[in-house]
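One-based numbering, in listed order, for ligands and for the atoms of each. Sequence positions, counted from 1, serve as the residue numbers for this chain.
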Amino acid sequence: MKRRNTRKIRLGKIDIGGNAPVSVQSMTNTKTQDIEATVSQIKRLENAGCEIVRVAVTDEESALCLKKICSMVNIPVVADIHFDYKLALLSVESGVCGLRINPGNIGARWKVEEVVKAADERNVPIRIGVNAGSLEKDLMRKYSGAVAEAMVESAQDHIRILEELDFFNTKVSLKASNVTRTVEAYRLFSKVSDIPLHLGVTEAGGLYPGIVKSSVGIGMMLAEGIGDTIRVSLSRDPVEEVRVGFEILKSLGLREKGIDIISCPTCGRCNIDLFKILEDIEKELVGISEPIKVAVMGCPVNGPGEAREADIGIAGGDGEGILFKKGKVVKKVAMEDMVETLVSEVKKMAGSS
Ligand code: SF4
């Protein structure tokens with residue numbers, strides 16, 4: 001897949017843009033002031049493979065809490081700020097690796113200059129996050145609504161403010177809850193700028209609509225070579241966002257990270273509780289970053305054959321199952337031992353047990 005050539009920026013230890021792999025990020029939904037809860041959620045996100053985490057900075061206390069939070073986690077933290085330049089300054093002092101703030105909404109020029117100076121001194125990139133739901137009124141009037149052109153112009157207005165201050169360490173997002181509008185905005189923007197893009201469909205909804213909208217929207221753009229980092233938005237545990245993010249990238253061959261599970265939909269030949277086995281295996285294998293294809297098949301008739309591409313798998317039988325590797329049968333396993341056997345074999349392959 002040919003990817004659009006964007007300029008590279010660095011967010012903590014993660015490269016974004018250029019030839020860097022498309023990264024997966026998420027956002028905490030804890031109160032940032034609750035350091036323990038926030039750190040614990042970030043650790044769970046890390047374990048799921050999350051590479052960048054954003055936290056809401058709503059007041060001075062949350063900005064100050066970031067100091068401790070940043071020191072206790074292993075992935076770069078981005079401070080999400082609306083309007084208040086002081087919170088941006090405090091967050092940079094607290095050690096965040098990135099800021100999400102729209103310079104056009106900060107107010108007086110000197111305030112923007114202060115934020116840019118602080119970000120520049122510490123090599124902290126700024127994400128300009130255009131959201132169709134909060135577009136500037138003049139652009140809404142000019143375009144008679146929050147259309148893609150208005151979103152792109154909004155991004156360009158914010159970028160101009162930063163570039164006039166010689167600040168180029170930026171990335172951009174152009175999110176709407178409508179998939180076609182989101183895709184159109186990103187397409188338009190990518191024709192006029194090489195700034196790296198953070199992809200997402202905002203307020204995508206609960207699990208099913210959220211996964212579908214994000215997969216279709218983000219997937220369409222990635223398939224066209226657009227996008228350098230992604231965030232799936234779900235009204236759920238953010239760990240789910242990371243899982244979906246990697247599934248999108250894996251399905252397009254853009255990342256190989258982690259376990260790739262192949263499972264059959266079951267049919268009348270299936271005599272095991274495949275859905276439950278699958279659920280247990282998925283839970284047990286979260287956090288493994290080695291790219292291993294695991295198959296969970298309902299019967300031995302088609303199981304090994306259908307999963308020939310898999311590194312390892314199990315095919316259910318009557319009261320027992322068959323363990324196979326690379327499509328070849330290895331041994332029989334009792335039904336109640338299937339999960340344990342498969343998980344321990346996968347962990348051995350991954351070198352984590
Ligand atoms: Fe049916 Fe077996 Fe195919 Fe699963 S693997 S769908 S149980 S034939």
Side-chain angles (χ1 to χ4, degrees), residues 1 24 48-49 205-216 218-220 222-223 232 234 236-237 239-353:
M1 190 178 298
V24 173
L207 203 58
Y208 288 107
I211 290 175
V212 172
K213 278 190 196 177
S214 291
S215 305
V216 171
I218 294 174
M220 278 171 81
L222 289 172
V232 171
L234 298 174
R236 287 286 165 132
D237 181 343
V239 167
E240 300 292 335
E241 300 183 345
V242 175
R243 287 178 64 183
V244 176
F246 276 109
E247 290 304 327
I248 294 173
L249 295 179
K250 282 192 281 188
S251 72
L252 289 167
L254 287 166
R255 293 291 294 267
E256 283 208 313
K257 197 178 170 75
I259 302 296
D260 190 7
I261 295 189
I262 297 159
S263 63
C264 81
T266 76
C267 70
R269 293 186 194 90
C270 182
N271 289 317
I272 57 168
D273 189 357
L274 185 138
F275 297 164
K276 174 81 175 80
I277 292 171
L278 183 65
E279 201 185 312
D280 291 348
I281 288 170
E282 278 179 338
K283 263 190 222 142
E284 293 285 335
L285 297 181
V286 165
I288 292 184
S289 55
E290 286 70 16
I292 299 174
K293 272 197 179 150
V294 180
V296 183
M297 309 301 286
C299 78
V301 178
N302 294 324
E306 283 183 15
R308 200 166 283 131
E309 299 277 299
D311 295 302
I312 186 162
I314 207 113
D318 216 355
E320 60 185 13
I322 294 168
L323 181 76
F324 55 88
K325 287 184 187 173
K326 305 277 183 196
K328 293 213 166 62
V329 173
V330 177
K331 61 176 180 179
K332 283 185 179 170
V333 182
M335 184 102 71
E336 55 278 14
D337 299 331
M338 276 182 195
V339 173
E340 202 189 317
T341 306
L342 193 60
V343 167
S344 98
E345 287 285 335
V346 172
K347 285 188 175 169
K348 253 189 253 165
M349 275 183 163
S352 60
S353 79

Measure the [atom1]-[atom2] distance between [X] and [Y] for me, rounded to the nearest 0.5 Å.
X      : Y      : atom1 : atom2 : result
Lys347 : Leu342 : NZ    : CG    : 11.5 Å
Tyr208 : Leu234 : OH    : CG    : 12.0 Å
Ser251 : Asp260 : OG    : CG    : 9.0 Å

Can you give me every donor-acceptor pair (side chain of residues 265-277, partner residue at least two apart or in another chain, under 3.5 Å) with its distance?
from, atom 1, to, atom 2, distance (Å)
Lys276, NZ, Asp280, OD1, 2.9
Lys276, NZ, Asp280, OD2, 3.0

So how many protein N, O or S atoms does atom 2 (Fe) of ligand 1 have within less than 2.8 Å?
1
Just wondering, more than 12 heavy atoms not from Glu282 lying within 6.0 Å of its CD?
yes
Kindly say whether Gly313 contributes a backbone atom to a donor-acceptor pair with the side chain of Lys293 at under 3.5 angstrom?
no
